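These numbers come from the heavy atoms of this one structure, side chains and all, not from hydrogens, waters or symmetry mates. Note that this is a predicted model, so its numbers are computed, not measured.
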Amino acid sequence: QVQLVESGGGLVQAGGSLRLSCAASGRTITGYAMAWFRQAPGKEREFVAAIHRSGGSNRTADSVKGRFTISRDNAKNTVTLEMNTLKPEDTALYYCAASYSYTLSSGPLNYPYWGQGTQVTVSS
């Protein structure tokens with residue numbers, strides 16, 4: 001099975017940018033749809049973005065549309081989330097997830113594989 005490790009989180013001021021990376025091992029990610037979720041304290045895990053196995057299509061939550069971009073490099077077995085114009089409400093623990101599905105689901109239960117998360121904190 002695939003193992004996922006996120007990196008790139010940190011503390012940034014509102015309006016700033018961060019780039020999150022998800023490194024996969026154990027299996028090539030070409031067999032998985034990949035996604036990012038986030039979870040703030042006291043809140044449910046929230047869908048952020050997902051990308052098809054081929055990278056040919058993606059889906060982004062309305063709350064981050066136009067600010068966040070998901071991409072993948074199957075050759076490097078990595079997935080990236082570019083986050084721009086960050087807002088304090090983007091503060092959360094960000095998770096990388098993988099699914100065998102051919103659809104871009106926003107439901108966390110559809111993703112059996114998860115990383116440990118990387119913290120993003122946006123100050124006002």
Please list every donor-acceptor pair under 3.5 Å in which a side-chain atom of residues 82-89 meets a protein atom from a residue at least two apart or in another chain.
residue: Glu82; atom: OE2; partner: Arg19; partner atom: NE; Å: 2.9
residue: Asn84; atom: OD1; partner: Ser17; partner atom: OG; Å: 2.9

Which pairs, with at least one residue in residues 15-87 and sequence neighbours excluded, count as a disulfide (SG to SG under 2.5 Å)?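 Of all non-adjacent pairs touching residues 15-87, those that pass disulfide (SG to SG under 2.5 Å) are Cys22-Cys96.
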
Side chain to side chain contact (heavy atoms under 4.5 Å, CB included) partners for [X], two or more places apart:
X      : result
Ser63  : Arg38, Glu46, Ala61
Thr118 : Glu6, Leu20, Tyr94
Thr103 : Ser101
Ser7   : Ser21

As an exercise, state the distance from CD of Gln119 to OG1 of Thr91, rounded to the nearest 0.5 Å.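 So the CD of Gln119 and the OG1 of Thr91 are separated by 7.5 Å.
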
With rounding to the nearest 0.5 Å, note down the distance linking CZ in Arg59 to CD1 in Ile70.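 Arg59 CZ to Ile70 CD1: 12.0 Å, rounded to 0.5 Å.
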
Mind checking what makes side chain to side chain donor-acceptor pair (under 3.5 Å) contact with Asn110, not counting sequence neighbours? Ser105

Ser123: partners by side chain to side chain donor-acceptor pair (under 3.5 Å), with sequence neighbours left out: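 With neighbours one apart ignored, the set is empty.
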
Linking I/L/V/M/F/W/Y whenever any side-chain heavy atoms sit under 4.5 Å apart, do Tyr100 and Val79 land together?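 Linked, Tyr100 and Val79 end up in one cluster.
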
Assigning hydrophobic clusters by single linkage (Ile, Leu, Val, Met, Phe, Trp, Tyr; side-chain heavy-atom cutoff under 4.5 Å), is Leu104 placed with Val48? no

What is the minimum heavy-atom distance between Ala98 and Val2, and which atoms define it?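 The answer is CB-CG1, 4.1 Å.
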
List, one per line, each side-chain donor-acceptor pair under 3.5 Å for residues 26-35, sequence neighbours excluded.
residue: Thr28; atom: OG1; partner: Thr30; partner atom: N; Å: 3.4
residue: Thr28; atom: OG1; partner: Thr30; partner atom: OG1; Å: 3.2

With clusters built from Ile, Leu, Val, Met, Phe, Trp and Tyr whose side-chain heavy atoms come within less than 4.5 Å, directly or transitively, what are the remaining members of the cluster of Trp114, listed by chain and number? Phe37, Phe47, Leu93, Tyr95, Tyr111

If you group Ile, Leu, Val, Met, Phe, Trp and Tyr whenever their side-chain heavy atoms sit less than 4.5 Å apart, what else falls in with Tyr102? none

With sequence neighbours excluded, give me every salt bridge (Lys or Arg N to Asp or Glu O under 4.0 Å) pair touching residues 61-79.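 Pairs touching residues 61-79 that pass the test: Asp62-Lys65, Arg67-Asp90.
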
